[in-house]
Amino acid sequence: MTRSATTVGVRCRSEKQEVFRTVTRDPETKLPSSKLVLVVGGSGGVGQLVVASLIDRGIKTHLLLRDPSKAEPLFGKQDQSMLKIWKGDTRNPSDLCPDIFEGVTHVICCTGTTAFPSRRWDGDNTPERVDWEGIRNLVAALPPTITRFVLVSSVGVTKSNELPWSIMNLFGVLKFKKMAEDFVRNSGLPYTIIRPGRLTDGPYTSYDLNTLLKATAGQRRAVLIGDKLVGEVSRLVVAEACLQALDIEFTQGEIYEINSVKGEGPGSDTEKWKELFRAAQTS
């Protein structure tokens, strides 16, 4: 498959912000990261947690939002050198102009909508438009220099004709997510796909940055990774799995289904995440 490196657009623009907040860093991480991570879907339940964690770890982040005014209430005033907001909609290829991707090394895509008709479908926000066409447009617009593309998908995409997944797929959400996965896998991009179970904890859609950073996964901190899982998973666990996959080299080209259960989990310990991802590949 031949990939298009850019898509010409005229509506692409960065939202300028006068910001003066000092970025928090893990005390064990003295040097700033060389990564520049683009987060797509950063105002959603998982995406907010991804962005908050990137900010907290001192990782430069670009955030693509349909409505940039949502950023400051969620993440506060940030130094634009650390958090840059772009206005754009993945459903519209003309929004995805090359400036958005300049210097970007990694991409985490957390876009999505509801499986069944709801108010979130207003404005043509259906699974076909968001989970299939939006992902296709985004992937086609990415430059070949991307080091890792992490896609949040869903368990059940390979079992959409079986119960209980056939119920969830009545309006095609699993079919369209699987089409998007296949497009990513055939794109030539170095990818990791995370398929979470039913999401729990949150969504934290009305919280500010400090509250997001204090959020916990309750008692469901232990993580299960496999390829035929049925169950639930904390949004916090999914967000951390996305962040860990950015730098764990052997997760490239892999698909992981992920749940969380009661017990102590890996937290943000990279070595523990490596053990979990590696065990899933050998099981």
Least distance between heavy atoms, [X] atom then [Y] atom:
| X | Y | answer |
| --- | --- | --- |
| Lys178 | Thr158 | CE-CG2, 3.8 Å |
| Val233 | Pro196 | CG1-CB, 3.6 Å |
| Leu63 | Leu38 | N-CD1, 4.3 Å |
| Pro127 | Thr113 | N-CG2, 3.5 Å |

Aromatic ring pairing Phe116/Phe171, orientation class (parallel under 30°, perpendicular over 60°, tilted between): perpendicular
Could you tell me whether a side-chain N or O of [X] sits under 3.5 Å from a main-chain N or O of [Y], the two making a donor and an acceptor?
| X | Y | answer |
| --- | --- | --- |
| Arg120 | Gly112 | yes |
| Ser53 | Val50 | no |
| Gln78 | Phe75 | yes |
| Thr251 | Ala245 | yes |
| Asn137 | Glu133 | yes |
| Asp131 | Val173 | no |

Any side-chain heavy atom of Ile108 sitting closer than 4.5 Å to one from Leu243? yes
Does Phe277 have its ring centroid less than 6.0 Å away from the ring centroid of Tyr256? yes
Salt bridge or not for [X] and [Y], using N-O below 4.0 Å?
| X | Y | result |
| --- | --- | --- |
| Lys272 | Glu275 | no |
| Asp182 | Arg185 | yes |
| Lys35 | Asp247 | yes |
| Glu181 | Arg195 | yes |

Ring-face cation of Arg119 near Trp121 (centre distance under 6.0 Å, axis angle within 45°): no
Using side-chain hydrogen bond (donor to acceptor under 3.5 Å, both in side chains) as the criterion, point out the one residue from Asn125, Asn92, Thr111 that pairs with Arg66. Asn125
Is there a side-chain hydrogen bond (donor to acceptor under 3.5 Å, both in side chains) between Thr270 and Gln244? Walk through the geometry before answering. CA-CA 7 Å; Thr270 297; Gln244 294 292 334; 3.0 Å; yes
Is the number of heavy atoms from other residues, nucleotides or ligands under 6.0 Å of Glu162 CD greater than 12? yes
One pair to check against salt bridge (Lys or Arg N to Asp or Glu O under 4.0 Å): Arg57 and Glu240. What are the steps and the verdict? CA-CA 12 Å; Arg57 297 174 195 190; Glu240 188 62 38; 2.5 Å; yes
Under the side chain to side chain contact (heavy atoms under 4.5 Å, CB included) criterion, do Val40 and Thr90 qualify, and how do the steps go? CA-CA 9 Å; Val40 186; Thr90 58; 3.7 Å; yes
